[in-house]
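The next block holds one structure in the form of structure tokens; read it before the comments.
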Amino acid sequence: MATYRLPLVSTGAPAQPGDLLDADSSPEEVVIAYHERTKHHFHRYAASPGYLDWATQPDPFRRYPGADLVQLLLPKPGCPLPYWRLYTPGEITSEPLSLESISLFFRYALSLTAWKRFHEATWSLRANPSSGNLHPTEGYTVLPAIERIGDAPAVYHYAPKEHALERRAILDAKAWSELCAPFPAGSFLVGISSVHWREAWKYGERAFRYCQHDVGHALATLRIAAAALGWGLVLLDGISDTAITGVFGLSPCDDSETAEREEPELLALVTAGHPLMSLKLLNELAMGTIGALWYGRPTTLSPEHRVEWPVIDEVAQATRRSASAPITEDFSRFPAKEELFEVPIRHGLLTAEKAILGRRSAVAMDGSTTISQEAFFRALARLMPTRDRGSMPWDAIPWRPRIHLGLFVHRVDGLPPGLYALARDPDKLAVLQQAMRRQFRWEHLPSCPSGLPLYLLQEGDCRALAATVSCGQHIAGGGAFSLGMIADYMDSLTTYGAAFYRNLFWEAGMVGQVLYLEAEEMGIRSTGIGCYFDDPVHEVFGITSREWQSFYHFTVGGPVEDTRLTTLPAYHFEQVR
Ligand SMILES: Cc1cc2nc3c(=O)[nH]c(=O)nc-3n(C[C@H](O)[C@H](O)[C@H](O)COP(=O)(O)O)c2cc1C
């Protein structure tokens, strides 16, 4: 068995902030320059403050003083949905729209799940994970009139600390019903924005990437929350960023505003039935004129910003989306569900709620827990879209996978440790083989389900290697397996333009979120890894072309709990339930 070795990690002075390219550069050139500039190298990390300026630490909870607050109830525990049923959309009875169902939707998607305490310090955790626990993601919704929420259609901001909705605008009922006429009754909109500053405060230039990962995680938690309620959710990918800004009232009220800007990210449609696209809705939204009277002003999150990161604004600008025709791609050559899961999974003690609210990142891995092949194959099969487009959460996005996995397998019962690859788009297998090291074996193991495009590349102990390329983090070598998410980068930018740079991170975040929940199902833990050395990861897999780039890392394994921390309930009203 080979043992891989790479040079030891060393840190150097951060790069100096500056312009990405000149004014004539295309948006794609700006993206490529940003991506190159924000790579971590063995000898130099991407530019960041290098210390934590506690006096300007951003508030993780934005509020809109002046907007009415609608408290969401925490529903009484009802019939617990088994975890595996999340993955059988269409078979779960749709909940009617009500205060309780909307409350549960946000509870599962974006709410607090615990407070942690260590000595005098307390911090909260949420259903959606976040790089550095900084939570740049803000959630919004446009709801029809719902008893005890509002007697007119309205735009709301979700306030996670209170588990409440802030009513930001009341809409004209006639305009709203015309807009929603093509959709099944009970449809509504949900959206996400990012406050870049929250991540940039700690991580500097690389923060834009982390914000986008967090959007991907949140898109998955929204889709999964909808699935738990028997609802569908689709990304409205043809919507312009201007429209999203208009719908959620994200633009600053005036120039004197000190509140940090929110970057529009995405808009999704939630419906009780199978969502249909409506060009009318897309176009109306593109005009950004559905809002009527706006209430409340966003709070300022930091008293001052002592350092700015202009390249984040540049890449944000280069990746803004204008209104476009929705993406349609052909999935007919993807595997059927039966080819991915040879034995259907219809048992298990874990409830969906326990997996969703109990999800946590491992802060350390035990270096000993082994998982079964079945659990490993099942977790990877959950990452595959199916031919019928029915696999959750992949039914929420219209593009074929652009994120493939380069795996470091350490401890999976019966599988040789070593490097593996999962070609999430089976049609990309040949190009991936060409892009990676020529000596790789590309062996489909006999025990692997026939439709799962998982291949053994090379046997060997890669624990030290996995940790080294993940910024020396032991969690990448101490789990059962870890992985790098290899993006079909240049082809995606060529096909869909610079704005799709964001989508690549979103897809990577969604992959991460599915694995987070699968780890819970296995009774172990996992952790997203945003800190990795980009080019050394490419070297491991023999990738020399810029066409393919690593976009995110992830590890799954037996955790070591930090027993010094006290865990407190997320909401005080939970205690009296
Ligand atoms: C995009 C992203 C990148 C992350 N990168 C790292 C990392 O490099 N190392 C690490 O230990 N944890 C990492 N994490 C885990 C976060 O620290 C964790 O999600 C956060 O502290 C909240 O804790 P929770 O996931 O238990 O809710 C990352 C999480 C995300 C979503």
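Each ligand, and each atom within it, is numbered from 1 in the order the structure gives. Owing to the predicted nature of the structure, the values given are computational and were not obtained by experimental measurement.
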Which of parallel (below 30°), tilted (30 to 60°) and perpendicular (above 60°) describes F551 and H35?
parallel
Does R117 make a cation-pi contact with W123, if we ask for NZ or CZ under 6.0 Å from the ring centre and within 45° of the axis?
no
At under 4.0 Å between heavy atoms, what of C471 touches ligand 1? The answer is neither
Which residue is it: T555, T527, I475, V469? I am looking for the one with a side chain to side chain contact (heavy atoms under 4.5 Å, CB included) to S482.
T555
Would you say K116 has more than 12 foreign heavy atoms packed within less than 6.0 Å of its NZ?
yes
Under 4.0 Å from any heavy atom of T527, which atoms of ligand 1 are there?
10 (C), 12 (N), 13 (C), 15 (C)
Determine the interplanar angle of the F541 and F408 rings, folded into 0 to 90°, and report it as parallel if under 30°, tilted if 30 to 60°, perpendicular if over 60°.
perpendicular
Can you tell me how the ring of H157 sits relative to the ring of Y140, calling it parallel under 30°, perpendicular over 60° and tilted otherwise?
tilted
Measuring from the heavy atoms of H553, does anything fall under 4.0 Å of ligand 1?
no
Out of S361, A362, A508, who gets a non-hydrogen atom closest to atom 15 (C) of ligand 1?
S361
Mark up the atoms of ligand 1 that fall under 4.0 Å of a heavy atom belonging to R359, in ascending order.
24 (P), 25 (O), 27 (O)
Shortest protein contact, atom 23 (O) of ligand 1 (heavy atom only):
L125 CD2, 3.6 Å
A student comparing A476, G132, A218, C531 should find that the heavy atom closest to atom 17 (O) of ligand 1 comes from G132
Where ligand 1 meets H217 - atom numbers and elements under 4.0 angstrom, heavy-atom basis
31 (C)
Look at ligand 1 and say whether Y552 reaches it with a heavy atom at a distance under 4.0 Å.
yes
Specify the protein heavy atom at minimum distance from atom 21 (O) of ligand 1: its residue, its atom name, and the distance to 0.1 Å.
N133 CB, 3.5 Å
Would you mind running through ligand 1 and noting each atom that sits below 4.0 Å from a heavy atom of Q473?
7 (C), 8 (O), 9 (N), 10 (C), 11 (O)
In terms of relative ring orientation, are Y501 and F208 parallel, tilted or perpendicular, with 30° and 60° separating the classes?
parallel
Is the shortest heavy-atom distance from the side chain of W506 to the side chain of L266 under 4.5 Å?
yes
Numbered atoms of ligand 1 (with element) below 4.0 Å of I529, judged on heavy atoms:
5 (N), 6 (C), 7 (C), 8 (O)
Cation-pi geometry met for R564 and F118 (6.0 Å, 45°)
yes
Going by the atom numbers of ligand 1, which of them fall below 4.0 Å from some non-hydrogen atom of D214?
1 (C), 31 (C)
Taking the six-membered ring of Y532 (Phe, Tyr or Trp), confirm whether the NZ or CZ of R206 is under 6.0 Å from its centre and within 45° of its axis.
yes
Does one side chain, of N133 or S130, offer a donor that lies under 3.5 Å from an acceptor on the other?
no
Near G530, which atoms of ligand 1 are under 4.0 Å from a heavy atom of that residue?
3 (C), 4 (C), 5 (N), 6 (C), 7 (C), 8 (O)
Please list the nearest protein heavy atom to atom 20 (C) of ligand 1 with its residue and the distance rounded to 0.1 Å.
S130 O, 3.3 Å
Short list, please: which atoms of ligand 1 are under 4.0 Å from a heavy atom of I475?
11 (O)
At a non-hydrogen distance cut-off of under 4.0 Å, which region of V363 contacts ligand 1 (side chain, backbone, both, or neither)?
neither
Tell me: protein heavy atom nearest atom 13 (C) of ligand 1, and distance?
G528 O, 2.8 Å
